[in-house]
Amino acid sequence: MATPSSDAASLSRRTHNCGELRPDDAGATVVLQGWVDSVRDNGGVIFLLVRDRYGVTQVTVDDRCGETAWEGARAARLEYVVEVHGTAQLRDGGANKDMPTGAIEVLAGSVRILSSTKPLPFVIGSGGKGADASEEVRLTYRYLDLRRPEMQQRLFVRHKAYQVTRKYLDGHGFTEVETPILNKSTPEGARDYLVPSRVHAGEWFALPQSPQIFKQILMISGFDRYFQICKCFRDEDLRADRQPEFTQIDIEISFATWPLVHELMSGLVRSLWKEIKGVEVGEIPILTYAEAIARFGVDNPDVRFALEHVTLDWASTEFRVVAGALETGGIAKGFVVPGGADRASRKTIDAWTEFVRRYRLGGLLWGKVQDDGSWSGPLSKVEPALLAQLGAGPGDLALVAAGPATHVHTGLGRLRAHVARELDLIPSDTYGFVWVTAFPAFEQDEESGRWVAVHHPFTKPLDEHIPLMGTDRMGEVLSDAYDIVCNGYEIGGGSIRIHDQALQSKVFASLGLSEDEARHKFGFLLDALSYGAPPHGGLAFGFDRIVMLLSGTENIRDVIAFPKTTTAQDLMAGSPSTVDAAQLAELHVKNTV
């Protein structure tokens, strides 16, 4: 039988972690192992802070310690891995209240260096400025970035969110089932990541944008309630809250109705926020899509603050900027910033005007209400009776846009959130939840003119709108779809699905898919629907976004261990990368660039 090496034996001797020791441990013989978080050499005494994922403990080397301790302590540098043997004792000079272990220290008997480090690209430990390093540097050295306590804490939140999710769903009768990663390419709104087949020349797998079809198949198969915490892939333009590969909590329920989905999924949200943040989430309000657009301009409103939109009935105005927009079928909307007259300078308002131009608005009309009730700014040219519709009072600032409805809604909706952030109108450490329902089922593609599904083609239209399908009123069809929004982020979305084969075929036909094309893309689902499919529905939560909100960060990359950049690159691993010609030939493909 082999005898373990002395190094292996040493590495198994840790008696306590670095966040564990408390006053009751005074007098105990301890072995700590971890990274050197800081070093202070005061001549006659050396203080080391030793860190691991659990916390930090002070190690003291003074005239009571032997040469073994002094030799190791003098050689120690930041991020060296050390093993400390010593005795726990109450800290001389009183406790450090900023450290959980601050009432105690370890008087070193020996300090052994287990490994050293090259010069660091940024400082990691206590008081370090790792967060000040550029994101590119931190992602390149992600293995160092992940040592930072704040990064580790975010991943601990992610771990706990996994556990809370599984416990809640298991307790409500859901079965966890894995679905394929190598999948069939189906149109779901974004570009697929494709994988060439070596065995079947010229044919391709697609990585799943979601397990949508498979979870519907599971309902047809009688599993009643399914969930999966799964990886999904979309080749789309990236931003702070989006990644090419992301994690979602995928859920499907047989015999589902919107009220049932609302009850169960609101319960999951309450469990996550209660277990992880200690926050009680009350009843979550419900808005229709039309109400959300009318009041907030967007379908993912941040409801933590007011600044609600007012649709203006200014058809009689002689103010040409507005009258011209209304005459060509546009709308006028505005919102009031209470007390904003003194808080927003002309320079600030000019910057906001440039901001809305990103959303294809020609400009922004503004007005400030003076103490005597008179108006200044461009809105002073609008008739007083019409200005009363805004509801602005002395000291308030009003912002108005006029033009095509889509541009006005979106531009003012994004401006509303932008103004709230700039003027610090958003309450800190609060969460604003809202469900949004009854979305449009179809929209026209601007380039092709064809109707496309707003969500996906398996979403059931509202029963009373089914007769409108295939007619010139397709744009009026609403769907039995719903999103849940937190602090302006869509954290989940889903729908009641189509379980009737004839209705599914009708939807495909309304979208311009021939019967042959529909069978080629979705044949196995259509076949399955013909074998006694139960009514069903569900949704998918964006797990990464949920963890981002629970962790208090605004960057989704902060809560993913090994994320991609906004250009879909892994800087640490160096991917994507080239492969040699032999590999490509084996897959029957070749580079064209």
Could you go through the side-chain contact (heavy atoms from CB on, under 4.5 Å) check for Cys18 and Tyr54 one step at a time? CA-CA 6 Å; Cys18 294; Tyr54 303 99; 5.7 Å; no

Are Ile181 and Leu207 close enough that some pair of their side-chain heavy atoms sits under 4.5 Å apart? yes

Using a 3.5 Å distance criterion without hydrogens, assess whether the side chain of Trp70 forms a donor-acceptor pair with backbone atoms of Ser110. no

So, for Phe246 and Phe233, which heavy atoms are closest and what is the spacing to 0.1 Å? CE2-N, 4.1 Å

Check whether any side-chain heavy atom of Val547 lies under 4.5 Å from a side-chain heavy atom of Ile560, and answer yes or no. no

With sequence neighbours excluded, tell me which residues meet side chain to side chain contact (heavy atoms under 4.5 Å, CB included) with Phe156. Arg53, Gln152, Gln153

Could you pull out the closest heavy-atom pair between Tyr80 and Ala75, with the gap in Å? CE2-O, 3.4 Å

Roughly how far apart are Leu49 CG and Asn96 CG, rounded to 0.5 Å? 8.5 Å

Under 3.5 Å: donor-acceptor pair, side chain of Arg77, backbone of Thr117: no

With side chains defined as the heavy atoms from C-beta onward, is the minimum distance between Leu268 and Ile251 less than 4.5 Å? yes

Please determine whether side chain to side chain donor-acceptor pair (under 3.5 Å) holds for the pair Gln228 and Thr179, giving the CA-CA distance in whole Å, both sets of side-chain angles, and the decisive distance to 0.1 Å. CA-CA 8 Å; Gln228 182 182 186; Thr179 54; 3.0 Å; yes

Is a side-chain donor-acceptor pair under 3.5 Å present for Glu135 with Asn555? yes

What's the shortest heavy-atom distance between Asp52 and Gly19, and which atoms? OD1-N, 4.2 Å

I'd like to know whether CG of Asn42 has more than 12 heavy-atom contacts from other residues, nucleotides or ligands below 6.0 angstrom. yes

Quick one: CD on Glu263 to CD1 on Ile284, what's the gap to the nearest 0.5 Å? 12.0 Å

State whether Arg112 and Glu71 are salt-bridged, where the test is any N-O pair (Lys NZ or Arg NE/NH1/NH2 against Asp/Glu carboxylate O) under 4.0 Å. no

Crowded around Glu354 CD? As in, over 12 foreign heavy atoms under 6.0 Å? yes

Salt-bridge criterion met for Glu67 and Arg74 (N-O under 4.0 Å): yes

Could you go through Thr60 and Glu105, starting from their C-alpha distance and side-chain angles, then the distance that decides it, and tell me whether this counts as side chain to side chain donor-acceptor pair (under 3.5 Å)? CA-CA 7 Å; Thr60 300; Glu105 63 185 356; 2.6 Å; yes

Give the intermediate values and the outcome of salt bridge (Lys or Arg N to Asp or Glu O under 4.0 Å) for residues Lys274 and Glu280. CA-CA 6 Å; Lys274 175 64 175 177; Glu280 296 281 357; 2.9 Å; yes

If you measure from CZ on Phe305 to CG on Leu423, what distance do you get to the nearest 0.5 Å? 10.5 Å

Working for side-chain contact (heavy atoms from CB on, under 4.5 Å), residues Phe122 and Leu120: CA-CA 5 Å; Phe122 49 82; Leu120 298 168; over 6 Å; no

Distance from Trp35 atom CH2 to Leu78 atom CG, nearest 0.5 Å? 14.0 Å

Please find the pair of heavy atoms, one from Val56 and one from Met99, that lie closest to each other, and give the distance. O-CE, 3.5 Å

Pair Thr565-Thr567, side-chain donor/acceptor within less than 3.5 Å: yes

What is the distance from atom CG of Asp170 to atom CZ of Arg166, rounded to the nearest 0.5 Å? 10.5 Å

Rounded to the nearest 0.5 Å, the OH atom of Tyr489 sits from the CD1 atom of Ile556 at a distance of 9.5 Å

I'd like to know if Arg304 pairs up with Asp302 as an ion pair, taking the criterion as any Lys NZ or Arg NE/NH1/NH2 lying under 4.0 Å from an Asp or Glu carboxylate oxygen. yes

Given Ser210 and Gln212, is the side chain to side chain donor-acceptor pair (under 3.5 Å) satisfied, shown in steps? CA-CA 5 Å; Ser210 77; Gln212 181 61 48; 4.5 Å; no

Gly488 backbone acceptor or donor facing Asn300 side chain under 3.5 Å: yes

Are there more than 12 heavy atoms of other residues, nucleotides or ligands under 6.0 Å from atom CG of Asp429? no

Contact check, side chains of Tyr141 and Met572, non-hydrogen atoms, under 4.5 Å: no

Evaluation steps, side-chain contact (heavy atoms from CB on, under 4.5 Å), between Leu264 and His172: CA-CA 8 Å; Leu264 286 171; His172 286 79; 3.7 Å; yes

Which of parallel (below 30°), tilted (30 to 60°) and perpendicular (above 60°) describes Tyr359 and Phe355? tilted

Applying side chain to side chain donor-acceptor pair (under 3.5 Å) to Asp192 and Gln209, what does each step give before you reach the verdict? CA-CA 7 Å; Asp192 286 325; Gln209 294 186 34; 2.7 Å; yes

Looking at Asp145 and Arg142, is there a salt bridge between them, counting it only when a charged N and a carboxylate O are closer than 4.0 Å? yes

Side chains of Arg22 and Pro100: does their closest heavy-atom pair fall under 4.5 Å? yes

Closest non-hydrogen contact found for Pro208 with Asn183 is CB-ND2, 3.8 Å

Check: Gly432 main-chain N/O paired with Asn487 side-chain donor or acceptor under 3.5 Å: yes

Does the side chain of Val31 come within less than 4.5 Å of Glu83's, by heavy atoms? yes

Arg198, CZ: over 12 other non-hydrogen atoms inside 6.0 angstrom: no

Less than 4.5 Å apart, side chain to side chain, heavy atoms only: is that true for Pro576 and Gln569? yes

Can you give me every donor-acceptor pair (side chain of residues 157-165, partner residue at least two apart or in another chain, under 3.5 Å) with its distance?
{"from": "Arg158", "atom 1": "NE", "to": "Tyr162", "atom 2": "OH", "distance (Å)": "3.2"}
{"from": "Arg158", "atom 1": "NH1", "to": "Asp544", "atom 2": "OD1", "distance (Å)": "2.8"}
{"from": "Arg158", "atom 1": "NH1", "to": "Val559", "atom 2": "O", "distance (Å)": "2.9"}
{"from": "Arg158", "atom 1": "NH2", "to": "Thr247", "atom 2": "OG1", "distance (Å)": "3.2"}
{"from": "Arg158", "atom 1": "NH2", "to": "Asp544", "atom 2": "OD1", "distance (Å)": "2.8"}
{"from": "His159", "atom 1": "ND1", "to": "Gln163", "atom 2": "NE2", "distance (Å)": "3.4"}
{"from": "Lys160", "atom 1": "NZ", "to": "Glu275", "atom 2": "O", "distance (Å)": "2.9"}
{"from": "Gln163", "atom 1": "NE2", "to": "His159", "atom 2": "O", "distance (Å)": "3.3"}
{"from": "Thr165", "atom 1": "OG1", "to": "Ala161", "atom 2": "O", "distance (Å)": "2.8"}

Is a side-chain N or O of Asp570 found less than 3.5 angstrom from the main chain of Ala573, in a donor-acceptor match? yes

State, yes or no, whether a side-chain contact exists between Glu136 and Leu571 at a heavy-atom distance under 4.5 Å. yes

For side-chain contact (heavy atoms from CB on, under 4.5 Å), just list the numbers for Trp352 and Thr348, CA-CA rounded to whole Å, side-chain angles, deciding distance to a tenth of an Å, and then say yes or no. CA-CA 6 Å; Trp352 292 346; Thr348 298; 3.4 Å; yes

For Pro563, does its backbone N or O pair with a side-chain atom of Arg557 as donor and acceptor, under 3.5 Å? no

Mark yes when over 12 heavy atoms from residues, nucleotides or ligands other than Lys231 sit less than 6.0 Å from its NZ; otherwise mark no. yes

Nearest non-hydrogen partners of Gly109 and Thr68, listed with the distance: O-CB, 4.3 Å

